[in-house]
Protein chains: 2
Amino acid sequence: MDRLDDTDERILSELAEHARATFAEIGARVNLSAPAVKRRVDRMLDSGVIRGFTTVVDRNALGWGTEAYVQVYCHGTIAPDELRRAWVDIPEVVSAATVTGTSDAILHVLARDMRHLESALEKIRSSADIERSESIVVLSNIIDRVRPEG
Amino acid sequence: MDRLDDTDERILSELAEHARATFAEIGARVNLSAPAVKRRVDRMLDSGVIRGFTTVVDRNALGWGTEAYVQVYCHGTIAPDELRRAWVDIPEVVSAATVTGTSDAILHVLARDMRHLESALEKIRSSADIERSESIVVLSNIIDRVRPEG
DNA sequence: GCTGAAAGGAGGTGTGG
DNA sequence: CCACACCTCCTTTCAGC
């Protein structure tokens, strides 16, 4: 896709906060008709700019109140794709990225409680050639912009 | 809200992957009629289990290709609320949490490029009583889920 | 309580301008 | 990009389990 103009950005901003808003509602905010908004959204879906629409769930309400960032140190060099295959089937791993610095990867892990977190860490360590890992447990989330503010 | 039954969980799971799916589509997958699904979704919205619906955007397509996790070390003890006030107005900060361990907080920061990241870090450091910070720059995202699937 | 059925109204979507 | 038409879907009300 070429590039997004200002209107596309505003549509994305609206969708980020209210993904189930009607095209007409979005159109009213960006001064466009509903069909025009739909065409732009369809184009962004086709081109991959919009990867999908999701629901923000209160983790505590679901009983997933334990959260940690895990820095992973590997033996030698491991290809990102290899790490992906190792961890993508572990549901507790919300995100994973290879990083600069002393560690090789950082993972964001959610669990129901400490015991659950411990078992998730064990799964993470055993599914790849890990030397060691360092867990940073979250005490309280103070900002989380993935969530719309409503 | 009391508790979620199995059907509620399945509806949440569907919504997490396709937040713009019609109630009829969701109903077909969980063996319920559209009105029944809507009532359950409305109830979860009221009770706060569902916090909202959002759009997953490809950050690289938007030109926000630089990403870092920042560990922050504060002078003395700072209340979480104080940190929130300090950082909530910095748009580059996607998430922030107080944590256990040697650092006081960990931030997830997005930027357009390294120069932009640098200026964002400067804003972060100057807006609170920070002793020092340690940045872990992301090389490549290998997993990016919005919610655990368990 | 919960569900499903039906009706009226609102929104999505394709064509022509 | 808008206007219009068609059609699907949402949403309410109703009654039944």
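Below, read A as the first sequence line, B as the second, and so on, with proteins coming before strands; counting in each chain starts at 1.
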Inset, instruction - Counting heavy atoms from C-beta on, name the nucleotide in C/dG12, D/dC10, D/dC2 closest to the side chain of A/F23. - result: C/dG12
Inset, instruction - Answer yes or no: is there a side-chain heavy-atom contact under 4.5 Å between B/E67 and B/V109? - result: no
Inset, instruction - Report the distance from atom CG of B/D8 to atom C1' of C/dG1, rounded to the nearest whole Å. - result: 14 Å
Legend entry - Nearest-angstrom distance from the residue atom CG of B/D5 to P of C/dG1: 16 Å
Legend entry - Under 4.0 angstrom between A/K38 side-chain N/O and C/dT13 OP1 or OP2: yes
Legend entry - Same-atom distance (C1') from C/dG8 to D/dG16, integer angstrom: 22 Å
Legend entry - Proximal nucleotide (of C/dG4, D/dC1, D/dT11) relative to the B/S33 side chain: C/dG4
Inset, instruction - Measure the distance from CG on B/L32 to P on C/dA5 and round it to the nearest whole Å. - result: 11 Å
Legend entry - Length of the CZ-P vector between A/R43 and C/dT13, whole Å: 17 Å
Legend entry - Spacing of B/D6 atom CG relative to C/dC2 atom C1', expressed in whole Å: 16 Å
Legend entry - C/dT3 OP1/OP2 closer than 4.0 Å to side-chain N/O of B/R40: yes
Inset, instruction - Determine, stepwise, if the pair B/H116 / B/E92 fulfils side chain to side chain donor-acceptor pair (under 3.5 Å). - result: CA-CA 9 Å; B/H116 183 196; B/E92 291 88 349; 2.7 Å; yes
Legend entry - Pi-cation contact, B/F23 with A/R20 (under 6.0 Å, within 45°): yes
Legend entry - Verify same cluster id: A/L107, A/I90 (apolar side-chain graph, 4.5 Å): yes
Inset, instruction - Let me know, please, whether A/P35 or A/R39 comes out on the 5' side of the other along DNA chain D by nearest nucleotide. - result: A/R39
Legend entry - Between D/dC1 (P) and A/D42 (CG): distance, integer Å: 14 Å
Legend entry - Between C/dA10 (P) and A/R20 (CZ): distance, integer Å: 18 Å
